[in-house]
Every structure is written in C-alpha cells, then in structure tokens.
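Let me begin by presenting the structure, written as structure tokens, before commenting on it.
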Number of protein chains: 2
Amino acid sequence: MASLGELERSVMDLLWAGQEAATANTLRDQLARTSAARGGPGHEGKELAVTTVLTVLSRLEKKGLVERERGTRPHRYQAVSSRADHTAELMHEVLGSAPDREAVLARFIGSVSEGEAETLRKLLGHL
Amino acid sequence: MASLGELERSVMDLLWAGQEAATANTLRDQLARTSAARGGPGHEGKELAVTTVLTVLSRLEKKGLVERERGTRPHRYQAVSSRADHTAELMHEVLGSAPDREAVLARFIGSVSEGEAETLRKLLGHL
DNA sequence: TGCAGTTTTCTACGCTTCGTAGAACTATAA
DNA sequence: TTATAGTTCTACGAAGCGTAGAAAACTGCA
C-alpha cells in the first residue's frame, strides 16, 4: 500500500516542501496556485473543493504518510517523514522483494552517474 | 505504469525463474503447483483457467515486461529483462522522481546491511 | 477438405483505488 | 445561541486487476 495517485502526490509534495504543518485550506490554495500541482510549469493547478483535499489527506493519513493534529480546530497536517526518508524507504521496499539483492545492487550501481557514484563512495567510506 | 498485481507478479516470478520461454499452459500448471504462486510455502496455488493466464500475459506484454513469440502456435512468453534488471530499473524510477537525490541516497545507504555495504564498495571501486 | 480439439482473442463482471465533491454534521466565535 | 468555518460521510465515475466464458482462429488428422 505504497503507491500514490497524482493528486495525492501533489499534496505530499507540498507537505514535504513546507516545513510548517498546513491546513486543508492552505493546501487547497497552494494547489490552485502552484505549478507543482500538475507537472509542467506554466500549468496552473485546478481549483479544488476543500472537501477533495480533506478526502485526500484522510487517505494519506490512513496510508501512514501524513499525520494530523486533531487538537486545533482547523486540523493541521504534516508529512510523517521527509521526502528523502520516504523515498529511501521505497527503494528498500523495491529491493527487499528481490531474492537476488546483490545482483540488483550491481545493476543499480551500474547505471548511476559518476557524481553520484562519488557521493556513494564517500557515504560508504566512513561506515 | 510500473506496478504489478498479485497474479501478475506471480507470473513474472515464474518467467524470471525459468530460463526457457514458457507457454500459457505451462505457466497455468506451475501456478497451480508452485507455492511461489501465493506467498507462503505449503500454500498450494489455485487452479486458474488458461484464459486467465493469457489475459495476464497480455497485460504484462502491454506493460512491456513480457515478450511473446507469435510464430509458434502455442505462443511462448518470456520476460523482457531479468528480475535484477527490472528491479534496479524500478529503484532508479523511485529515485528519479526526487529532487534531492543525494539526500535519498544517503538515507538509503544508511540502512543497508554491512555485507551489502561491502558489496557496494567493491562495485564502486572499479568504476 | 472438413472436423474435433487446442489456442488465442473479445468481452465482461466484480472489487479496489483514486479524483472529485455534495450533504450532513460539528465546533467556534460573536 | 446562532451563523459560519471546518470535518466527516457517502457516493459516483474512471481505471486497474483477478477472473473467466464465448467466440474466433488455427492445427492435426481422418
């Protein structure tokens, strides 16, 4: 239960981008304004109903990606983990289902840019 | 369009396991017999109709994961790429959608077993 | 050459997920 | 205590997936 729909992803992107917890209304506005909402820049996001945003937020909460403060009245929503953490976790998930992990890693490393290979060497160096 | 359903995955597992191209009937039998079909061992797979297997194979073909020889009468199906290649590609896909690739890699490396870290070091060494 | 069996394609149905939002309910501020 | 802002409930249509029958296409044999 890890994959996200298009709107769900847009919402997560906003939550990951902002450091503060956001309300449904804030997000709604950002979705309407931001080009992050629908792919390419120059493409203004759609005007969504607040209920739509709330539904999506609930679903994201059920999926464990979002956490909400129920105390305050306009509930405030925030991502449970950073985008980097989440993505890394996803990568592990993908890798995890493979019986031939080493082979996968080999292929993976094989098609990484030189710059990133360098980064990886550094990261692996001091372990 | 990368995610697979449960049955689709079972079929891919069989195709990845065998080296020869297989027919729908062969796969049907293997699905009925193998425990690879449904998770745990000891759990015998279900008896599926051949048409079911064929439908799934067509869908996998459309997704670009499977390739079929139309020449021979019982068509023969095989995986387009190895499981390792496919999985590595998936990992790149997941990583690719992140603007903060380096941060993701850092998190990813951070939670890799020591054995695998060693493997990675070796792989990165001779590049 | 025409049939009987085999294989493939077409069509379809039920279930689940996702985008979308109205209706109804609830808390809050004045 | 009531208008108003916010939340939950319910729902519908599209797409993806498991599943398979019906129909069409093909093959080997009589």
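Computed from heavy atoms alone, side chains included, the values below leave out hydrogens, waters and symmetry copies.
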request  = Report the C-alpha distance between Thr23(A) and His75(A) in whole Å, list the side-chain angles of each, state the deciding distance to 0.1 Å, and finish with yes or no for side chain to side chain donor-acceptor pair (under 3.5 Å).
outcome  = CA-CA 6 Å; Thr23(A) 70; His75(A) 293 182; over 6 Å; no
With a 4.0 Å limit, can you tell me whether [X] has a side-chain N or O closer than that to the phosphate oxygens OP1/OP2 of [N]?
{"X": "Thr52(A)", "N": "dG19(C)", "value": "no"}
{"X": "Lys63(A)", "N": "dT17(C)", "value": "no"}
{"X": "Arg68(B)", "N": "dT9(C)", "value": "yes"}

Length of the [atom1]-[atom2] vector between [X] and [N], whole Å:
{"X": "Arg9(A)", "N": "dT17(C)", "atom1": "CZ", "atom2": "P", "result": "18 Å"}
{"X": "Leu57(A)", "N": "dT7(D)", "atom1": "CG", "atom2": "P", "result": "10 Å"}
{"X": "Arg59(B)", "N": "dG18(D)", "atom1": "CZ", "atom2": "P", "result": "7 Å"}
{"X": "Glu6(B)", "N": "dG16(D)", "atom1": "CD", "atom2": "C1'", "result": "14 Å"}
{"X": "Asn25(A)", "N": "dT4(D)", "atom1": "CG", "atom2": "P", "result": "16 Å"}
{"X": "Arg70(A)", "N": "dT8(D)", "atom1": "CZ", "atom2": "C1'", "result": "9 Å"}
{"X": "Leu48(B)", "N": "dT19(D)", "atom1": "CG", "atom2": "C1'", "result": "8 Å"}
{"X": "Leu31(A)", "N": "dT20(C)", "atom1": "CG", "atom2": "C1'", "result": "13 Å"}

request  = Using only heavy-atom distances, decide whether a donor-acceptor pair under 3.5 angstrom links the side-chain of Thr51(A) to the base of dA23(C).
outcome  =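 Flag unset: no donor-acceptor pair detected.
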What distance do [X] atom [atom1] and [Y] atom [atom2] have between them, rounded to the nearest 0.5 Å?
{"X": "Lys46(A)", "Y": "Leu7(A)", "atom1": "NZ", "atom2": "CG", "value": "9.5 Å"}
{"X": "Glu20(A)", "Y": "Thr26(A)", "atom1": "CD", "atom2": "OG1", "value": "10.5 Å"}
{"X": "Glu116(B)", "Y": "Leu123(B)", "atom1": "CD", "atom2": "CG", "value": "11.0 Å"}

request  = For Lys62(A), answer base if it contacts any base atom (sugar-phosphate contacts may also be present), sugar-phosphate if it contacts only those atoms, and nothing otherwise; contact means non-hydrogen atoms under 4.0 Å.
outcome  =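 Here Lys62(A) touches no strand at all.
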message = Regarding Ser3(B), tell me which of base, sugar-phosphate or nothing describes its non-hydrogen contacts under 4.0 Å with the strands shown.
response =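 Sugar-phosphate contact only - Ser3(B) comes under 4.0 Å of backbone atoms but never of a base.
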ask   = With a 4.0 Å cut-off, would you call Glu47(A) and Arg33(A) a salt bridge?
value =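 So Glu47(A) does not pair with Arg33(A) through a salt bridge.
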Kindly point out which of [options] is positioned nearest to the side chain of [X]?
{"X": "Leu54(A)", "options": "dA21(C), dT7(D), dA20(D)", "value": "dT7(D)"}
{"X": "Arg73(A)", "options": "dC17(D), dT28(C), dA20(D)", "value": "dT28(C)"}
{"X": "His75(A)", "options": "dT19(D), dT8(D), dA25(D)", "value": "dT8(D)"}

